[in-house]
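Just below is one structure, and these are the notes that go with it.
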Amino acid sequence: MSTATVTAAPATTGGRTRARSDRTGMYLLLLPSLLPIAVLSVFPLLRGIYLGFTDARAGRNVEVSFTGLANYRALLGDELFWNSFKVGLLWAFSVTILQFLLALGLALLLNERLRFRGVARVLSVVPWAMPPVVVGILWKLVYHPDAGLLNELLHRAGADGMRHTWLGDFSTALPAVIIVGVWAGLPQTTVVLLAGLQGVPRELHEAAAVDGAGSWQRFRSVTLPALTPVVVAITSLDFIWNFNSFGLVYVLTAGGPGGKTMLPMLFAYEEAFRYGNYGYAAALGNVMVILIVALLALYLRRRLREANT
């Protein structure tokens with residue numbers, strides 16, 4: 001008994017040493033990937049949180065002092081901030097919902113065995129390959145009041161009364177920008193939903209068809225329940241991406257006219273780089289992060305509860 005115990009001890013010690021060495025090697029291998037994340041993501045985030053509690057401003061040798069919650073108290077009474085937040089919510093919900101509905105229809109179509117289906121799938125992701133700035137410039141030309149494609153088509157159709165300054169009018173600026181946002185983000189949602197549809201076993205559809213279920217009944221009872229986790233994931237990500245949009249709307253309208261398309265990120269950008277209020281802009285960003293996480297948590301909790309019932 002004692003001999004077995006004595007001989008087993010070195011083996012155990014050696015195993016622990018080898019496991020510790022493997023763990024150290026694993027951390028060393030992860031270091032090259034973790035270092036850029038820490039430098040480019042974690043540190044700026046922590047720096048931004050800190051600046052939100054200061055009066056930091058643009059300029060050289062500017063003294064920065066800790067102001068506590070002064071920036072956040074100022075935000076509570078800032079009508080421009082709350083207006084940008086309302087515009088951001090309207091933009092994010094509208095674009096996300098329209099993207100999902102159109103992407104679902106397109107994904108269902110591309111999932112069918114059609115001729116040139118491969119070509120159609122490639123063409124459907126073309127907008128996704130274009131940078132937001134390029135998309136903004138392209139659609140700004142489409143909406144141009146004098147030489148734009150949209151007004152030219154209306155003119156040729158004999159509908160000169162419908163010609164409009166689409167991006168310069170208070171009533172049409174936000175809807176016009178929403179259309180562009182839907183067009184730009186449609187491919188990524190379509191690709192994700194298409195992948196989810198391909199994961200639904202065809203045997204389930206065939207069994208439902210044998211039981212006499214029609215196309216709509218099969219979609220409602222087979223496809224949609226199987227697709228629910230994918231829908232929750234992609235709509236949540238789309239909402240975050242859309243709410244944090246900047247480049248596309250900045251190129252199209254820069255927040256105008258009259259703040260009708262002033263998204264929260266545009267408002268923060270204006271405060272930081274136009275007026276030099278770094279501390280105030282950082283506080284604005286911190287508030288937006290907290291609010292969007294809270295809204296997203298409520299949304300995910302509700303959708304997951306529905307999926308489990």
For the residue pair [X] and [Y], establish whether any side-chain heavy-atom pair is separated by less than 4.5 Å.
X	Y	result
Leu101	Leu104	no
Leu149	Leu141	no
Asp78	Phe85	no
Thr189	Gln99	yes
His164	Asp169	yes

[Y] versus [X], side-chain donor and acceptor atoms under 3.5 Å:
X	Y	value
Tyr143	Asn151	no
Asp55	Thr67	no
Thr96	Thr235	no

Give me the atom names and distance for the closest heavy-atom approach of [X] to [Y].
X	Y	result
His155	Arg163	CB-NH1, 3.3 Å
Leu263	Ser245	CD1-O, 3.8 Å
Gly256	Thr261	O-OG1, 2.5 Å
Met288	Pro264	SD-CB, 2.7 Å
Pro257	Leu167	CD-O, 3.6 Å
Ala283	Tyr72	O-CE2, 3.7 Å

Worksheet item: When clusters are formed from ILVMFWY side-chain contacts under 4.5 Å, directly or step by step, what else is grouped with Leu35?
Response: Val39, Leu40

Worksheet entry | Apart from Val125 itself, residues in the same hydrophobic cluster as defined by side-chain heavy atoms under 4.5 Å | Trp128, Val191

Under 3.5 Å, side chain of [X] to main-chain N/O of [Y], donor-acceptor pair present?
X	Y	result
Asn111	Leu194	no
Trp82	Leu75	yes
Trp91	Asn242	yes

Can you get from [X] to [Y] by hopping between Ile, Leu, Val, Met, Phe, Trp and Tyr side chains that sit under 4.5 Å apart?
X	Y	result
Phe53	Leu51	no
Val177	Ile137	no
Val251	Ile178	no
Phe100	Leu108	yes

Practice prompt. Would you please classify the geometry between the Phe246 ring and the Tyr269 ring as parallel, tilted or perpendicular, with 30° and 60° separating the classes?
Written response: tilted

Worksheet entry | Phe93/Phe239 aromatic ring centres below 6.0 Å | yes

Worksheet entry | Met162 atom CE, neighbour heavy-atom count above 12 within 6.0 Å | no

